[in-house]
Engineer: 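Here it is: the structure, laid out below.
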2 protein chains.
Amino acid sequence: MHLMELKLSQTEENYIKAIYSIEVHTGKSVSTNKIAEKLKTKASSVSDMIKKLSDKKLVYYKKYQGTKLTSEGKSIAVKIVRKHRIWEVFLVNNLDYTWDEVHDLAEQLEHIKSNTLINKLEAYLNFPTHDPHGDPIPDKDGNIEHHKNIMLSSAKVGENCTVIGVKDSSSSFLKFLDNTKIKLGSQLKIISIEEFDNSMIIENNNSQKSISHQISKNLFVKKL
Amino acid sequence: MHLMELKLSQTEENYIKAIYSIEVHTGKSVSTNKIAEKLKTKASSVSDMIKKLSDKKLVYYKKYQGTKLTSEGKSIAVKIVRKHRIWEVFLVNNLDYTWDEVHDLAEQLEHIKSNTLINKLEAYLNFPTHDPHGDPIPDKDGNIEHHKNIMLSSAKVGENCTVIGVKDSSSSFLKFLDNTKIKLGSQLKIISIEEFDNSMIIENNNSQKSISHQISKNLFVKKL
DNA sequence: AATTATTTTTAGACTTGTCTAAATATTTAT
DNA sequence: ATAAATATTTAGACAAGTCTAAAAATAATT
């Protein structure tokens, strides 16, 4: 519906992405301070940029009332997210990066401008549905599956499930997962749950491990 | 020998690369106008930037005397070239781009900042020695094989050779090669040479084709 | 060698994105 | 409901990179 492809700077794209991610998490309109915090910049800079994005009809904006992406803005945001996640898949699956190493690199790669590159890359990777952190990859038209956020901690004894993502994607958490050999797609069976501290014994690759509640609360799973 | 990794902007990198490519072609010190022409900018802008690069000890510069890369500058240039060519290999070999489509994309990808990415990518691609245009890929330490520029036009009847590059990398020439099924690594046997116009009959994939002198002058080959 | 012509540099202005400090709105608390 | 605290916006300055127009240096011509 857009008459001409407007070209955004890397900075503009980063603002759009930040607004999108806050908007998705909170549902509400996004405050200037939140954006500043996310982008590690100052509120005054954000104010300036929001005006610019508003002029380009990428956000709705009334002074002092916070901001929200227009449908055009949202569509751009989703495209950036799509690029980011597809690149992450490539880095982890093909170049042997680990979960915790890829974010900064993907942050750069997502800004590569090309109409065809990301689609070719997606095909090369066999149309992955989730990135290495378990977040869903939007399709070519911007449709994105919102997964229902089932945590491992809510699973019952005897159930089987597949790991599809992590909630906490801090470097230390991801390293812990690497060490315990839990990764995307891992099949887990809940053997028992300790009432005292809610820790779980799970079976993974035919071996049993104990998982603290702290951990199970941060693992998204799909029940089988 | 450099005490700390200095970070260059994309623009600075482009200047370094431009100076390098002109310096390699001509051998002489590079004039402001030549750089301006290459980068499609104005001489005044070039003047400013050269001063900046000179402050950073990446070029030698005396007013009105042209400029030359220092060894530090040259090493940076070669690293960029390395990135550019490795990305081109990936785009053509793995994502099915054609020779003539990849330049602009590689121009973006070469600026991705990462100490590990390009080495991992190189390994993933099995350490290619040449890019899809036949230009040699510098190794991790910046060593670059200067190939001896043997043209197909200098081959004799009965000789066998492999295509390792093109001199003219215009889009129309690359398309012509695609159409005639000549690509990097193609094995060619010279069947005959027509004295009148120096056109050649060559054998490629068990089929014979006529190649004008204009074409054979622009194909780098390695004799077998 | 003196005069053109060309190349290169400087000076000043503009754009994008940033910042600090001050002014204005809004929200919270009393 | 008024004062205090917080959030947001404006104003003005700065850095990177670009440009035009004018000045200075080099090269070419006669």
Side-chain angles (χ1 to χ4, degrees), chain A residues 5-19 22-23 25-69 73 76-77 80 107-108 110-111 113, chain B residues 5-19 22-23 25-26 28-69 73 76 80 107-108 110-111 113:
Chain A
E5 241 3 88
L6 77 160
K7 275 193 240 153
L8 299 183
S9 72
Q10 219 154 295
T11 311
E12 288 171 318
E13 288 194 352
N14 282 334
Y15 273 91
I16 295 276
K17 204 176 63 146
I19 295 167
I22 300 170
E23 204 176 307
H25 267 271
T26 65
K28 293 182 249 172
S29 88
V30 180
S31 80
T32 304
N33 262 359
K34 276 263 165 56
I35 300 171
E37 187 189 355
K38 181 128 206 162
L39 293 177
K40 297 197 177 78
T41 181
K42 293 295 147 69
S44 56
S45 308
V46 175
S47 252
D48 287 346
M49 181 55 87
I50 291 177
K51 250 174 267 167
K52 221 175 115 183
L53 295 177
S54 175
D55 290 345
K56 294 188 178 179
K57 308 250 187 278
L58 301 177
V59 300
Y60 300 114
Y61 171 62
K62 286 218 193 68
K63 278 187 194 178
Y64 296 99
Q65 303 307 130
T67 192
K68 259 194 161 180
L69 292 174
I76 290 171
I80 303 171
E107 202 93 320
Q108 291 183 64
E110 74 191 8
H111 297 296
K113 257 113 187 142
Chain B
E5 239 7 85
L6 77 160
K7 275 194 238 148
L8 300 183
S9 72
Q10 217 154 297
T11 311
E12 289 171 316
E13 288 194 350
N14 282 334
Y15 273 91
I16 296 276
K17 205 177 62 149
I19 295 168
I22 300 171
E23 205 176 306
H25 266 273
T26 64
K28 292 181 252 176
S29 89
V30 181
S31 79
T32 303
N33 262 358
K34 276 263 165 59
I35 300 171
E37 188 190 354
K38 180 126 205 164
L39 293 177
K40 296 196 179 80
T41 180
K42 294 294 146 69
S44 56
S45 308
V46 175
S47 252
D48 288 345
M49 180 56 87
I50 290 177
K51 251 173 270 167
K52 221 175 115 183
L53 295 176
S54 174
D55 289 345
K56 295 188 179 179
K57 308 251 189 277
L58 301 176
V59 300
Y60 300 113
Y61 170 62
K62 285 221 193 67
K63 277 189 192 178
Y64 296 99
Q65 304 305 130
T67 193
K68 257 191 163 180
L69 292 175
I76 291 171
I80 303 171
E107 202 91 324
Q108 292 184 64
E110 73 191 7
H111 297 296
K113 257 110 185 145

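The model shown is predicted, which means the values in this text are computed figures rather than measured ones. Quick note on labels: first sequence line is chain A, next is B, and so on, each numbered from 1.
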Engineer: Can you give the donor-acceptor pairs under 3.5 Å from side chains of residues 28-36 of chain B to other protein atoms, not counting sequence neighbours?
Structural biologist:
from: B:Ser29; atom 1: OG; to: B:Gln65; atom 2: O; distance (Å): 3.4
from: B:Ser31; atom 1: OG; to: B:Lys34; atom 2: N; distance (Å): 3.2

Engineer: Could you work out, with side chain to side chain donor-acceptor pair (under 3.5 Å) as the rule, every residue matching A:Glu13, not counting sequence neighbours?
Structural biologist: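 Residues passing side chain to side chain donor-acceptor pair (under 3.5 Å) with A:Glu13: A:His111, A:Lys113.
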Engineer: Which residues satisfy the salt bridge (Lys or Arg N to Asp or Glu O under 4.0 Å) test with B:Lys42, sequence neighbours excluded?
Structural biologist: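 Checked B:Lys42 against salt bridge (Lys or Arg N to Asp or Glu O under 4.0 Å); zero matches.
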Engineer: Among all residues two or more places apart in sequence or in another chain, which pass the side chain to side chain donor-acceptor pair (under 3.5 Å) test with A:Glu110?
Structural biologist: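 A:Glu110: side chain to side chain donor-acceptor pair (under 3.5 Å) contacts with A:Lys17, A:His84.
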Engineer: Would you give the length of the straight line joining atom CD1 of B:Ile22 to atom CD of B:Glu37, rounded to the nearest 0.5 angstrom?
Structural biologist: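 The CD1 atom of B:Ile22 sits 8.0 Å away from the CD atom of B:Glu37.
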Engineer: At their closest point, which heavy atom of B:Val59 faces which heavy atom of B:Ile50, and how far apart are they?
Structural biologist: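 The answer is CG2-O, 3.9 Å.
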Engineer: Which of residues 34-49 of chain A sit near DNA chain D, with a heavy atom under 4.0 Å from it?
Structural biologist: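 Within this stretch, A:Ala43, A:Ser44, A:Ser47 sit under 4.0 Å of the strand.
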Engineer: If you take any heavy atom closer than 4.0 Å to DNA chain D, which residues from residues 53-62 of chain A end up in contact?
Structural biologist: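 Contacts with DNA chain D under 4.0 Å: A:Tyr61.
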Engineer: Would you kindly give the CG-to-P distance between A:Leu8 and C:dT16, to the nearest whole Å?
Structural biologist: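 My rounded result for the distance is 13 Å.
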Engineer: Apply side-chain contact (heavy atoms from CB on, under 4.5 Å) to the pair A:Leu58 and A:Leu8, showing each step before the final yes or no.
Structural biologist: CA-CA 11 Å; A:Leu58 301 177; A:Leu8 299 183; 3.9 Å; yes
Engineer: For the CD1 atom of A:Ile80 and the CG atom of A:Asn14, what is their distance to the nearest 0.5 Å?
Structural biologist: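 Separation between the atoms: 7.5 Å.
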Engineer: Go through the structure and list residues passing side chain to side chain contact (heavy atoms under 4.5 Å, CB included) with B:Tyr60, not counting sequence neighbours.
Structural biologist: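 Per chain and number, B:Tyr60 pairs via side chain to side chain contact (heavy atoms under 4.5 Å, CB included) with B:Lys68, B:Thr70.
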Engineer: Set out, line by line, the N/O atom pairs under 3.5 Å between protein and nucleotides 23-27 of chain C.
Structural biologist:
from: C:dT24; atom 1: O2; to: A:Tyr64; atom 2: OH; distance (Å): 3.3
from: C:dA25; atom 1: O4'; to: A:Tyr64; atom 2: OH; distance (Å): 3.4

Engineer: For a quick test of reading the model: is some side-chain N or O of B:Tyr15 closer than 4.0 Å to OP1 or OP2 of D:dA16?
Structural biologist: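 No, no such contact exists.
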Engineer: How many angstroms lie between atom CG of A:Leu69 and atom CD1 of A:Ile76, to the nearest 0.5 angstrom?
Structural biologist: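 That separation rounds to 9.0 Å.
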Engineer: Of all heavy-atom pairs between B:Tyr61 and B:Gly66, which one has the smallest distance, and what is that distance?
Structural biologist: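 The pair with the smallest heavy-atom distance is CD1-O, 3.9 Å.
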Engineer: Output all residues satisfying salt bridge (Lys or Arg N to Asp or Glu O under 4.0 Å) with A:Glu12, sequence neighbours left out; order by chain, then residue number.
Structural biologist: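 A:Glu12 satisfies salt bridge (Lys or Arg N to Asp or Glu O under 4.0 Å) with A:Lys52, A:Lys56 once adjacent residues are dropped.
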Engineer: Which residues within residues 25-33 of chain A lie with some heavy atom under 4.0 Å of an atom in DNA chain C?
Structural biologist: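 Of all residues in residues 25-33 of chain A, none places a heavy atom under 4.0 Å from DNA chain C.
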Engineer: Measure the OH-CG distance between A:Tyr15 and A:Asp48 for me, rounded to the nearest 0.5 Å.
Structural biologist: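 CG of A:Asp48 is found 8.0 Å from OH of A:Tyr15.
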